[in-house]
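First the structure, in the form of structure tokens, and then the observations on it.
All values below come from the heavy atoms of this structure, side chains included, with hydrogens, waters and symmetry mates left out. The first residue in the sequence is number 1, and the count goes up from there.
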Amino acid sequence: EILFAGTLNERKNYKTLIKAFAVISHDYPDWSLVIAGNGEIEVAKKISTDLNIQEKVSFTGWVSGSEKDKIFSNASIFCLPSFSEGFPMAILDAWSYELPVIATPVGGIIDFAVNKKNMLLFNPKDYLELSKNLSELISDKNLYGKLAIASKNFKFNIFSEEKIIKSLDNIYQNLLDE
């Protein structure tokens, strides 16, 4: 499963993901797209129907707790096609489940993203580029493994609770020393 989690609105660019999935869906009949979030659900459903992929796209609505855990645990790829972001919690969630991530080089994402090293990046206006990234990640097991390991690295070595607490402690110590 390919997972999107967030509010369905223009900024989150979910339409590009649906279009990109439509391009590859016939090549990967066992794959589906799960869209978790609130917002323009009816618009997204209509796009899926218009592209004749409605049977392969599911809409969960906003999820939390055990429902969120189930959706992230069942996913194989996380995609966030946003036009703009700060630093998205959804990517932190994906990393916590060690999912390979496909995203756009916007906001705080660019502070960590290295294309094909720790995630795949694409131009948010280019659904064909996203479809190629999805296809590559599905079919290239080495790349898939490399990006899953990168997510695990983010989870345990960069964004672990211990590392964040230590970083905050250092910031406060430096401020107190000034």
(Q) Give me the atom names and distance for the closest heavy-atom approach of Ala5 to Ala90. (A) O-CB, 3.6 Å

Q. Leu143 and Ile149: same hydrophobic cluster, using ILVMFWY side-chain contacts below 4.5 Å?
A. no

Q | Distance (rounded to the nearest 0.5 Å) between Ser82 OG and Ile109 CD1 | A | 6.5 Å

Q.
If you apply the rule side-chain contact (heavy atoms from CB on, under 4.5 Å), what do you find for Thr7 with Trp62, and how did you get there?
A. CA-CA 8 Å; Thr7 301; Trp62 194 260; 4.1 Å; yes

Q | Lys56 side-chain N/O to Ser25 backbone N/O, donor-acceptor pair under 3.5 Å | A | yes

Q) What is the minimum heavy-atom distance between Ser131 and Ala20, and which atoms define it? A) CB-O, 3.5 Å

**Q.** N/O donor-acceptor pair under 3.5 Å between Asn74 side chain and Lys70 backbone
**A.** yes

Q) Which distance, rounded to the nearest 0.5 Å, do you find between the CG of Asn133 and the NZ of Lys116? A) 7.0 Å

Q | Ring-ring centroid check Phe4 Phe78, cutoff 6.0 Å | A | no

(Q) According to salt bridge (Lys or Arg N to Asp or Glu O under 4.0 Å), who are the partners of Glu1, at least two apart in sequence or on a separate chain? (A) none

Q | Note, Tyr14 side chain near Glu40 side chain (heavy atom, < 4.5 Å) | A | yes

Q. Taking a hydrophobic cluster as the set of Ile, Leu, Val, Met, Phe, Trp and Tyr residues connected by side-chain heavy atoms closer than 4.5 Å, whether directly or through intermediates, do Ile110 and Leu121 fall within one such cluster?
A. no

Q. Considering only heavy atoms from C-beta outward, does the side chain of Thr60 approach that of Ile71 to under 4.5 Å?
A. yes

Q.
Tell me whether Lys146 contacts the main-chain N or O of Asn118 through its side chain, where contact means a donor paired with an acceptor under 3.5 Å.
A. no

Q | Minimum heavy-atom distance between Ile41 and Gly61, given as atom pair plus value | A | CD1-CA, 4.3 Å

Q: Determine the sole option in Val101, Leu120, Ile2 for which the side-chain contact (heavy atoms from CB on, under 4.5 Å) test with Leu137 is passed.
A: Leu120

(Q) If you compare all heavy atoms of Glu85 against all heavy atoms of Pro88, which two are closest, and at what distance to 0.1 Å? (A) OE1-CB, 3.5 Å

Q) What closest approach, in Å, do Pro124 and Pro81 show between heavy atoms, and which atom pair accounts for it? A) CB-O, 4.0 Å

(Q) If you count every heavy atom of other residues, nucleotides or ligands that lies below 6.0 Å from Tyr127 atom OH, does the total exceed 12? (A) no

Q. Atom CE of Met119 and atom OG1 of Thr104: how far apart are they, to the nearest 0.5 Å?
A. 10.0 Å

Q: Working to the nearest 0.5 Å, report the span between CD of Gln54 and OG1 of Thr49.
A: 4.5 Å

Q) So, Arg11 side chain and Phe83 main chain: donor-acceptor pair closer than 3.5 Å or not? A) no

Q: For residues Ile102 and Leu130, determine if any side-chain heavy atom of one lies less than 4.5 Å from a side-chain heavy atom of the other.
A: yes

Q.
To the nearest 0.5 Å, what is the distance between CD on Glu10 and NZ on Lys15?
A. 3.5 Å

(Q) Under a 3.5 Å threshold, yes or no: a donor from one side chain and an acceptor from the other, between Thr16 and Asn13? (A) yes

Q) Distance from Ser48 atom OG to Glu55 atom CD, nearest 0.5 Å? A) 10.5 Å

Q. Which is it for Ile138 and Asp27 under the side-chain contact (heavy atoms from CB on, under 4.5 Å) test, yes or no, and what are the steps along the way?
A. CA-CA 10 Å; Ile138 290 168; Asp27 294 333; over 6 Å; no

(Q) Between Tyr97 and Asp69, do the side chains contain a donor N or O and an acceptor N or O under 3.5 Å apart? (A) yes

Q) Do the non-hydrogen side-chain atoms of Leu33 and Leu17 ever get within less than 4.5 Å of each other? A) yes

Q: Any chance you could lay out the side-chain contact (heavy atoms from CB on, under 4.5 Å) test for Ser139 and Tyr144, step after step, and finish with the verdict?
A: CA-CA 8 Å; Ser139 61; Tyr144 185 94; over 6 Å; no

Q: For Asn38 and Leu8, run side-chain contact (heavy atoms from CB on, under 4.5 Å): C-alpha distance rounded to whole Å, both residues' side-chain angles, the deciding distance at 0.1 Å, then the answer.
A: CA-CA 6 Å; Asn38 57 3; Leu8 280 75; over 6 Å; no

Q) Shortest non-hydrogen contact from Leu134 to Ile24? A) CB-CD1, 3.6 Å

Q. Within a strict 4.5 Å, meaning less than it, do heavy atoms of the Asp50 and Lys46 side chains meet?
A. yes

Q) Are Tyr28 and Ser135 linked by a side-chain donor-acceptor pair shorter than 3.5 Å? A) yes

